[in-house]
Amino acid sequence: MSTKPFRAPSMASFFDNIRSGRLRALFRRGELALVILAILVGAAAGLLVALIGALSTALHVFVFGVERLSSSNLTGWIVLAGPVVGGVVLGLILFILSRTRKKPMVDPIEANALHGGRLSLTDSIIVCVQNIVSNGFGASVGLEAGYTQVASGVASKLGLNLKLRRGDMRILVGCGAAGAIAAAFNAPLTGTFYAIELIIGTYTIVTLAPLIVSALVANIVAGLVSHHGINIDVVGSSTVTPTDYVPAIFLGVVCAGIGIVLMQAVSFIEETARKSAIPLWLRPTLGGLVVGALALISPQVLSSGHGALHLNLDANITLFGLVGLFLLKATASAVSIGSSFRGGLFFASLFMGSLLGKIFAICAPYIGYGATQPVVYAVIGMSAFAAAIIGGPLTMTFLALELTGDFQITALVLAAVITTSLVVRTTFGYSFATWRFHLRGESIRSAHDIGWIRDLTVGKMMRADIRKANLSMGLEAFKEKFPLGSTQRVIMTHDDGRYAGMILVPEIYADPMERDASKIGLETYLHYKNDVLLPTMNARQAAAAFDNTESEALAVVNDKVENRPVGLLTESHTLRRYSEELEMRRREASGEI
């Protein structure tokens with residue numbers, strides 16, 4: 001009797017089993033399976049957040065000799081040299097990427113809005129490395145971009161291997177982001193609603209369970225691995241009266257206006273750098289030089305500002321000191337993002353918002369409101385300004401609740417962030433992420449799934465078995481080839497094969513033809529000579545074309561240059577396919593499939 005040596009299953013064999021379908025069917029059966037996947041994604045997110053945070057801290061220690069960079073009292077050449085060296089390193093990475101990777105990298109919001117949750121894990125790791133380098137060398141950006149990117153990338157990779165449905169893929173990517181934010185802030189509810197508002201774009205009963213599970217698991221895992229987990233402790237409370245809502249709402253309006261200015265400043269710097277002759281790989285070095293120069297004035301502008309937030313919450317700083325620090329931090333953040341440093345503004349917006357809140361607290365007595373503690377205004381400003389930049393009013397409300405544990409403060413925060421969100425959306429219309437998409441030409445206003453509309457193209461819906469004829473064949477030959485009842489429409493072409501127009505066959509036979517038929521050309525019966533569809537158009541664009549031309553069918557040409565007919569699409573089929581896909585999305589969101 002022969003025996004075979006025991007071999008432990010490898011990770012490669014695990015994914016081979018997934019691809020072969022042994023586990024795939026199990027994880028496509030329902031909500032419980034999605035919750036199990038959420039546990040795996042949450043655990044991975046917690047580990048990744050701890051690892052990224054540790055690497056960034058290690059870089060701070062290696063380069064600057066301190067852990068909490070923005071709360072240090074560093075001075076001298078190292079403060080200037082750190083961001084510059086980081087810019088050189090990042091520039092080298094960008095130079096290599098410009099030669100090796102041509103496609104733009106997709107973030108979780110764009111992946112869920114346009115690509116059905118499909119996200120490259122390799123690109124996510126590259127983004128994360130860039131974020132660690134940027135933050136580790138002192139650029140004024142946060143780590144949340146790296147956290148959410150790599151955690152969502154792992155979730156998307158898992159979903160792709162399991163060949164999950166489009167709706168489940170989007171939920172799983174949301175689980176990655178929820179776990180990352182929950183672990184980063186030690187705030188599971190914040191992570192959950194971050195995913196709902198910013199990554200998935202809608203709330204349903206089906207999405208809630210896996211998101212909460214992922215956030216809780218990630219928070220627990222990160223807490224076990226990292227004993228100094230990233231969190232913000234805010235201490236301070238007061239009795240809130242109805243009159244306190246007035247200054248809170250006013251502070252929300254102020255935060256909205258300043259947030260819009262900051263977002264436009266970032267885009268202005270990016271656009272100026274893009275139009276200049278400065279190569280992409282050199283921009284981070286120049287940006288690092290500016291950030292380093294600002295850090296010589298105050299090192300609190302360095303990195304995300306997490307340490308500086310703690311430092312300034314209870315500190316007694318003058319009005320001019322707070323205003324100066326805010327302007328320094330805002331400038332450093334705008335320059336960092338605009339000069340191609342990789343990172344987010346979540347952490348930075350919290351710090352800047354707390355400064356705005358304390359500035360407002362100093363000014364409040366002059367408008368008749370001076371009883372509220374400055375730390376309360378700091379929390380309100382922190383949440384409202386982050387809501388203006390990042391979006392997600394409920395996300396920021398729950399963040400305030402989990403950081404303070406005070407429901408009265410949270411009520412004021414809710415009034416402020418709702419006001420901020422309303423002002424930003426009605427006057428500006430975008431958060432920082434969606435504004436950058438808008439500048440690239442993308443019509444993304446939120447994380448709602450609009451990618452399925454783009455996937456439903458004319459090329460997929462059209463009929464390729466079209467009836468064509470040459471315009472020069474003559475009327476008699478046409479009637480002989482296409483007798484009444486043989487077809488409804490015929491696409492006509494010129495001698496060189498280019499599209500000429502469309503002829504409705506019943507119209508020819510309905511013509512009394514009082515003139516000599518031999519003298520009547522087919523050009524007389526041509527319709528829609530310049531009205532065509534392209535295979536790349538989506539269902540919405542096709543429907544708009546049908547409305548504009550008042551046509552029941554249009555020809556599809558290969559492109560506007562060659563203009564050769566390749567198919568035919570009817571309005572009725574377009575609307576039917578659109579309705580079917582819309583119903584499919586509704587059923588996915590409601591958990592019916």
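Keep in mind that what you see is a predicted model, and the values were worked out from it rather than measured.
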Which value, rounded to the nearest 0.5 Å, describes the distance between D496 atom CG and E562 atom CD?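 D496 atom CG to E562 atom CD measures 10.5 Å (nearest 0.5 Å).
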Closest contact, heavy atoms only, D495 versus S472: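 So the minimum-distance heavy-atom pair works out to OD1-OG, 3.1 Å.
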Would you check if V490 and F478 make a side-chain contact, meaning some heavy-atom pair closer than 4.5 Å?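 The answer is yes; the side chains approach within 4.5 Å.
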Please answer whether the main-chain N or O of I200 pairs with a side-chain N or O of R170 as donor and acceptor at a distance below 3.5 Å. yes
Residue pair V532, Y499: steps toward the side chain to side chain contact (heavy atoms under 4.5 Å, CB included) verdict: CA-CA 9 Å; V532 293; Y499 174 74; 3.3 Å; yes
Compare every heavy atom of S340 with every heavy atom of L280, then report the nearest pair and how far apart it is. CD1-OG, 3.4 Å
For E550 and Y528, work out which heavy atoms get closest and say how close.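 In this case the closest contact between E550 and Y528 is O-OH, 4.2 Å.
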Can you list the steps and then say if L554 with F546 is a side chain to side chain contact (heavy atoms under 4.5 Å, CB included)? CA-CA 8 Å; L554 288 173; F546 288 125; 3.8 Å; yes
Donor-acceptor contact present, side-chain R489 to main-chain M502, <3.5 Å: no
Any idea which heavy atoms bring V173 and G117 closest together, and the distance? CG2-O, 3.3 Å
Considering residues, nucleotides and ligands other than N530, do more than 12 of their heavy atoms fall under 6.0 Å from its CG?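 At most 12 heavy atoms, drawn from other residues, nucleotides or ligands, come within 6.0 Å of this atom.
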Under 3.5 Å donor-acceptor, N161 side chain and K157 backbone: yes
Using atom types as modelled and distance alone, determine if a side-chain donor or acceptor of S152 lies under 3.5 Å from a backbone N or O of Q149.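 Pair absent, no side-chain N/O of S152 close to backbone of Q149.
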Going by an N to O cut-off under 4.0 Å, is there a salt bridge joining K479 and E476?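 Salt bridge: no.
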More than 12 foreign heavy atoms under 6.0 Å from CZ of R101: is that the case here?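 Atom CZ in R101 is crowded, with more than 12 foreign heavy atoms closer than 6.0 Å.
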Do you know the tightest heavy-atom contact between F482 and K468? CZ-O, 3.9 Å
T395 backbone acceptor or donor facing E197 side chain under 3.5 Å: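 Indeed, once roles are kept as given, a pair shorter than 3.5 Å links the two residues.
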Nearest 0.5 Å please: distance from the CG atom of L526 over to the CE atom of M492. 6.5 Å
Side chain Q488, main chain L504, donor-acceptor under 3.5 Å: no
Side chain S421, main chain I418, donor-acceptor under 3.5 Å: no
Sub-4.5 Å side-chain heavy-atom contact between M396 and F193: no
Does any part of the side chain of L172, heavy atoms only, come nearer than 4.5 Å to the side chain of L164, both counted from C-beta? yes
What distance separates D107 CG from L119 CG, expressed to the nearest 0.5 Å?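 D107 CG to L119 CG: 8.0 Å, rounded to 0.5 Å.
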With a 3.5 Å distance limit and no angle check, can you tell me whether T420 reaches the backbone of A388 through a side-chain donor-acceptor pair? no
Ion pair K103/D123, N-O distance below 4.0 Å: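 No salt bridge links K103 with D123.
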With side chains defined as the heavy atoms from C-beta onward, is the minimum distance between T536 and V458 less than 4.5 Å? no
Min side-chain heavy-atom separation F341-Q130 under 4.5 Å: no
Of all heavy-atom pairs linking L534 and V556, the shortest is C-CG1, 4.1 Å
Using a 3.5 Å distance criterion without hydrogens, assess whether the side chain of S214 forms a donor-acceptor pair with backbone atoms of P210. no
Find the distance between CD1 (I196) and CG (L211) and round it off to the nearest 0.5 Å.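 The CD1 atom of I196 sits 5.5 Å away from the CG atom of L211.
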So do the side chains of E507 and I503 get within less than 4.5 Å of each other, counting heavy atoms only?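 Heavy-atom side-chain distance check fails, nothing below 4.5 Å.
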Taking it one step at a time, do E552 and T570 satisfy side chain to side chain contact (heavy atoms under 4.5 Å, CB included)? CA-CA 6 Å; E552 295 180 357; T570 64; over 6 Å; no
Please tell me whether D531 and S551 have a donor and an acceptor in their side chains that are separated by less than 3.5 angstrom.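 Their side chains do not contain a donor-acceptor pair, so the 3.5 Å distance test is not met.
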Would you compute the distance between atom CG of L471 and atom OH of Y525 and round it to the nearest 0.5 angstrom? 13.0 Å
Just wondering, do F346 and L143 contact through their side chains at under 4.5 Å, heavy atoms?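 Sidechains of F346 and L143: no contact.
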Among side-chain atoms of S140 and S336, is any donor-acceptor pair under 3.5 angstrom? no
Do M462 and L568 have side chains that get closer than 4.5 Å, going by heavy atoms?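 The answer is no, as the side chains (C-beta and beyond) never meet within the 4.5 Å cut-off.
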Quick one: does any side-chain atom of N538 pair with a main-chain N or O of T457 as donor and acceptor, under 3.5 Å?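 Looks like no, no N/O pair under 3.5 Å.
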Sidechain N-carboxylate O distance under 4.0 Å for K275, E271: yes
First locate atom SG of C255, then atom CD1 of I389, and finally report the distance between them rounded to the nearest 0.5 Å.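 Going from the SG atom of C255 to the CD1 atom of I389 covers 9.5 Å.
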Should L121 and S156 be marked as a side chain to side chain contact (heavy atoms under 4.5 Å, CB included) after you check the CA-CA gap, both sets of side-chain angles, and the distance that decides it? CA-CA 8 Å; L121 180 57; S156 182; over 6 Å; no
